[in-house]
There are 2 protein chains.
Amino acid sequence: MTSRRNFLQQVGLATAATSLLSSAKTPMTFIHHVLFWAKNPGNDAEKAQLLAALKQLGTLPMIQSAHVGRPIVTEFDKGATDGSYTFSVVLVFENATKESEYLYHPLHKKFIDDNKHLWGKVQVIDSELI
Amino acid sequence: MTSRRNFLQQVGLATAATSLLSSAKTPMTFIHHVLFWAKNPGNDAEKAQLLAALKQLGTLPMIQSAHVGRPIVTEFDKGATDGSYTFSVVLVFENATKESEYLYHPLHKKFIDDNKHLWGKVQVIDSELI
């Protein structure tokens with residue numbers, strides 16, 4: 001019985017591991033992509049403040065995955081790539097409701113109030129899985 | 001010894017499960033975002049062909065996560081959102097090398113050759129985690 005119980009425990013853990021593995025490969029259902037152009041691209045202190053605030057924002061719990069990145073322009077796609085932005089923020093949500101929770105969250109509004117003087121332009125691209 | 005061995009096996013599986021869980025929450029390191037504007041937005045057959053080809057492309061093995069989506073414009077961000085595109089493709093890679101493998105893969109080149117007559121404009125935004 002001990003060995004049978006251990007076997008079942010191991011199967012249970014292996015099943016949990018498989019389930020986690022497949023969840024990691026699940027298509028991203030709702031994506032909120034925001035490009036920020038710094039108001040003063042030569043001002044490193046301002047860019048550092050904005051970057052820190054964006055990273056902090058990405059830790060809000062209704063966000064499934066977050067990315068704050070810098071522009072990359074590849075040789076392959078250089079003719080079609082916009083690499084002019086300062087920061088790229090990609091947030092993945094389970095659905096539109098979770099994105100809405102994020103957009104109307106007090107800390108998102110506070111982020112905008114505290115940092116909007118740091119960007120000259122923002123572009124949003126939202127998309128929902130087909 | 002049997003129970004000790006079983007214990008160690010279980011710890012191993014539990015560790016694997018924990019590792020998978022944290023990998024699912026790992027920030028996305030390299031993002032390749034491509035927006036496609038259909039050449040003939042009123043032609044449903046052409047759009048269906050492009051959509052099917054994009055979804056197929058997203059299954060290539062060096063891609064960590066893939067998303068093919070339609071535009072969403074929220075009330076909150078409507079002043080800053082570009083919802084004019086037809087399809088949004090977001091691919092996540094572990095690093096720039098994996099993206100390069102994808103870009104130069106024969107099936108990516110075949111996708112372009114077979115479908116480039118279906119889009120009027122493409123915009124690429126690549127970003128690497130800071």
Side-chain angles (χ1 to χ4, degrees), chain A residues 2-3 6-7 9-10 12-14 16-21 23-35 51 55 58 64-74 76-78 80-83 85 87-90 92 96 99-100 103-104 121-130, chain B residues 2-3 6-7 9-10 12-14 16-17 19-21 23-35 51 55 58 64-78 80-83 85 87-90 92 96 99-100 103-104 121-130:
Chain A
T2 300
S3 108
N6 285 333
F7 172 74
Q9 284 172 347
Q10 285 168 37
L13 283 164
T18 305
S19 156
L20 287 165
L21 184 59
S23 85
K25 292 190 174 183
T26 297
M28 301 170 285
T29 47
F30 196 101
I31 290 177
H32 177 58
H33 192 174
V34 188
L35 299 173
L51 175 60
K55 287 190 164 193
Q64 206 173 12
S65 302
H67 164 104
V68 182
R70 75 179 95 242
I72 296 290
V73 180
T74 63
F76 190 95
D77 278 326
K78 67 180 176 185
T81 301
D82 185 350
Y85 65 84
F87 298 120
S88 160
V89 178
V90 178
V92 182
E99 190 212 32
S100 201
L103 293 174
Y104 291 96
K121 182 184 153 195
V122 167
Q123 189 188 348
V124 175
I125 302 151
D126 278 4
S127 68
E128 188 171 50
L129 191 72
I130 302 173
Chain B
T2 300
S3 108
N6 286 333
F7 172 73
Q9 284 171 345
Q10 286 167 35
L13 283 164
S19 155
L20 286 165
L21 183 60
S23 85
K25 292 190 176 183
T26 297
M28 301 169 284
T29 47
F30 196 101
I31 290 177
H32 177 58
H33 192 175
V34 189
L35 300 173
L51 176 60
K55 287 191 165 195
Q64 208 174 11
S65 301
H67 164 104
V68 183
R70 75 179 95 240
I72 296 289
V73 180
T74 63
E75 191 61 29
F76 189 95
D77 277 326
K78 67 180 176 186
T81 301
D82 186 350
Y85 65 85
F87 298 120
S88 160
V89 178
V90 178
V92 181
E99 190 212 32
S100 201
L103 293 173
Y104 291 96
K121 181 184 153 195
V122 167
Q123 189 188 348
V124 176
I125 302 151
D126 277 3
S127 68
E128 188 171 52
L129 191 72
I130 301 175

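The figures that follow rest on heavy atoms only: side chains count, while hydrogens, waters and symmetry mates do not. In what follows, every chain begins at residue 1, and chains take the letters A, B, ... in the order their sequences are listed.
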Between B:T74, B:I31, B:V122, which residue shows the highest count of heavy-atom pairs closer than 4.5 Å to chain A?
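Top option by heavy-atom pairs under 4.5 Å: B:I31.
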Flag the one option from B:V73, B:V124, B:V34, B:V68 with the top tally of heavy-atom pairs under 4.5 Å to chain A.
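Counting heavy-atom pairs under 4.5 Å, the top option is B:V124.
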Interface moiety of A:K55 toward chain B, non-hydrogen atoms closer than 4.5 Å:
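For A:K55, side-chain heavy atoms alone lie under 4.5 Å from chain B.
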Atom pair [atom1] ([X]) and [atom2] ([Y]), whose distance is rounded to the nearest 0.5 Å:
{"X": "A:T81", "Y": "B:H32", "atom1": "OG1", "atom2": "NE2", "value": "8.0 Å"}
{"X": "B:I72", "Y": "A:L129", "atom1": "CD1", "atom2": "CG", "value": "11.0 Å"}
{"X": "A:D82", "Y": "B:L35", "atom1": "CG", "atom2": "CG", "value": "10.5 Å"}
{"X": "A:F76", "Y": "B:S100", "atom1": "CZ", "atom2": "OG", "value": "9.0 Å"}
{"X": "A:L51", "Y": "B:I130", "atom1": "CG", "atom2": "CD1", "value": "5.0 Å"}

Run the side-chain contact (heavy atoms from CB on, under 4.5 Å) test on B:H33 and A:V90 for me, step by step, so that the C-alpha distance in whole Å, both residues' side-chain angles and the decisive distance to 0.1 Å come before the verdict.
CA-CA 10 Å; B:H33 192 175; A:V90 178; 5.8 Å; no
Under 4.5 Å between any side-chain heavy atoms of B:M28 and A:V92, yes or no?
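B:M28 reaches A:V92 side chain to side chain.
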Within the 4.5 Å heavy-atom criterion, are A:I125 and B:I125 side-chain neighbours or not?
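They are in contact (side-chain heavy atoms under 4.5 Å apart), so the answer is yes.
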Residue pair A:H67 / B:T29: nearest heavy atoms and the distance that separates them
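Nearest pair, atom of A:H67 first, then B:T29: CE1-O, 3.6 Å.
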Work out which heavy atom in B:E75 is nearest to a heavy atom in A:Y104; give both atom names and the distance.
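Taking every non-hydrogen atom into account, CB-OH, 4.4 Å.
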